[in-house]
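Worksheet: the structure to be examined is printed underneath.
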Amino acid sequence: MDRDEQVINALLENGSDLSKTHSIDFFFDFTSMEQAAPVAQHLEKQSFTVRMFENEDSTLTIEANRLMVPSLTNMQKVTDWATKLTEKYGGKYDGWGTEVVT
């Protein structure tokens with residue numbers, strides 16, 4: 001079972017209605033602004049709301065939010081796309097999460 005399936009199963013177990021739109025947060029980690037900036041720009045062009053912050057160890061995290069229905073197919077497509085985008089710039093895609101929606 002991949003991480004997308006694990007999150008989907010956890011949402012279902014906690015009573016989330018996966019036919020409804022969720023506010024989903026996606027996380028991306030980088031060691032420099034040179035890596036993070038082009039990814040942030042690309043995410044914004046793809047209609048994500050982007051927030052970037054510096055961690056205590058001076059690394060950077062992008063939190064990108066988008067409203068969508070979290071079907072397994074949708075989430076696996078985004079994970080594949082986000083992983084490729086992040087790796088292109090030397091970063092790491094760190095998955096997604098959302099609140100339960102009933």
Side-chain angles (χ1 to χ4, degrees):
M1 181 181 320
D2 68 18
R3 282 177 71 182
D4 294 320
E5 287 178 280
Q6 290 173 345
V7 177
I8 293 285
N9 287 340
L11 288 168
L12 287 170
E13 289 170 9
N14 287 288
S16 200
D17 182 347
L18 299 186
S19 69
K20 293 184 177 178
T21 300
H22 288 57
S23 177
I24 301 176
D25 295 315
F26 300 87
F27 300 94
F28 306 80
D29 297 318
F30 301 92
T31 56
S32 72
M33 183 60 75
E34 292 76 24
Q35 293 173 324
V39 174
Q41 290 171 353
H42 194 79
L43 289 164
E44 287 173 340
K45 288 179 184 174
Q46 298 297 319
S47 301
F48 286 86
T49 301
V50 175
R51 185 174 77 97
M52 190 180 322
F53 53 92
E54 187 173 350
N55 302 302
E56 290 180 11
D57 62 359
S58 297
T59 60
L60 298 167
T61 296
I62 293 173
E63 180 181 328
N65 180 277
R66 178 189 264 180
L67 296 174
M68 60 187 296
V69 174
S71 72
L72 181 58
T73 301
N74 285 346
M75 301 319 297
Q76 287 175 332
K77 285 180 185 176
V78 173
T79 293
D80 184 54
W81 172 82
T83 299
K84 289 176 183 171
L85 172 66
T86 308
E87 288 175 353
K88 177 179 177 180
Y89 293 98
K92 178 180 178 264
Y93 173 63
D94 197 29
W96 61 275
T98 186
E99 297 291 323
V100 169
V101 175
T102 55

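Everything numeric here is computed off the predicted structure, so don't read it as measured data.
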Sequence neighbours excluded and cut-off under 3.5 Å, please list the side-chain donor-acceptor pairs for residues 64-74, or say none.
residue: Asn65; atom: OD1; partner: Ser23; partner atom: OG; Å: 3.4
residue: Asn65; atom: ND2; partner: Ser23; partner atom: OG; Å: 2.8
residue: Asn65; atom: ND2; partner: Ile24; partner atom: O; Å: 3.3
residue: Asn65; atom: ND2; partner: Asp25; partner atom: OD1; Å: 2.8
residue: Arg66; atom: NH2; partner: Gln46; partner atom: O; Å: 2.2
residue: Ser71; atom: OG; partner: Asn74; partner atom: N; Å: 3.1
residue: Ser71; atom: OG; partner: Asn74; partner atom: ND2; Å: 3.2
residue: Asn74; atom: ND2; partner: Val69; partner atom: O; Å: 2.9

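With hydrogens and angles disregarded, no donor-acceptor distance shorter than 3.5 Å links the side chain of Gln35 to the backbone of Gly91. With hydrogens and angles ignored, the 3.5 Å screen pairs no side-chain donor or acceptor of Thr59 with any backbone N or O of Asn55. For the pair Glu5 (side chain) and Asp2 (backbone), a donor-acceptor distance under 3.5 Å is present.
Residues Thr86 and Tyr93 share a closest heavy-atom pair of CG2-N, 3.5 Å. In terms of heavy-atom proximity, Asp94 sits nearest to Lys92 at OD1-NZ, 3.3 Å. When all heavy atoms of Lys20 and Thr102 are compared, the closest pair comes out as NZ-O, 2.6 Å. Closest approach of Val50 and Glu44 over heavy atoms only: CG2-CG, 3.5 Å. In terms of heavy-atom proximity, Gly95 sits nearest to Arg3 at CA-NH2, 3.9 Å.
The list of salt bridge (charged side-chain N to carboxylate O under 4.0 Å, His left out) pairs with a residue in residues 50-63, not counting sequence neighbours, reads Arg51-Glu63.
Criterion: ILVMFWY side-chain heavy atoms under 4.5 Å apart, direct or through other members. Under it, Met52 and Phe48 are part of a common hydrophobic cluster. Residues Tyr89 and Leu60 are members of one and the same hydrophobic cluster, defined by side-chain heavy-atom contacts under 4.5 angstrom among Ile, Leu, Val, Met, Phe, Trp and Tyr. Linking ILVMFWY residues whenever their side-chain heavy atoms come closer than 4.5 Å, directly or via other members, leaves Trp96 and Val101 in distinct clusters.
Separating the CG atom in Asp17 from the CG atom in Leu11 is a distance of 11.0 Å, to the nearest 0.5 Å. Atom CD1 of residue Ile8 and atom CE of residue Met75 lie 6.5 Å apart, to the nearest 0.5 angstrom. Rounding to the nearest 0.5 Å places CZ of Phe26 at 9.5 Å from CG of Leu43.
Contact check for Phe30 versus Val39: side-chain heavy atoms found under the 4.5 Å cut-off.
No more than 12 heavy-atom neighbours from other residues, nucleotides or ligands sit within 6.0 angstrom of CD on Glu99.
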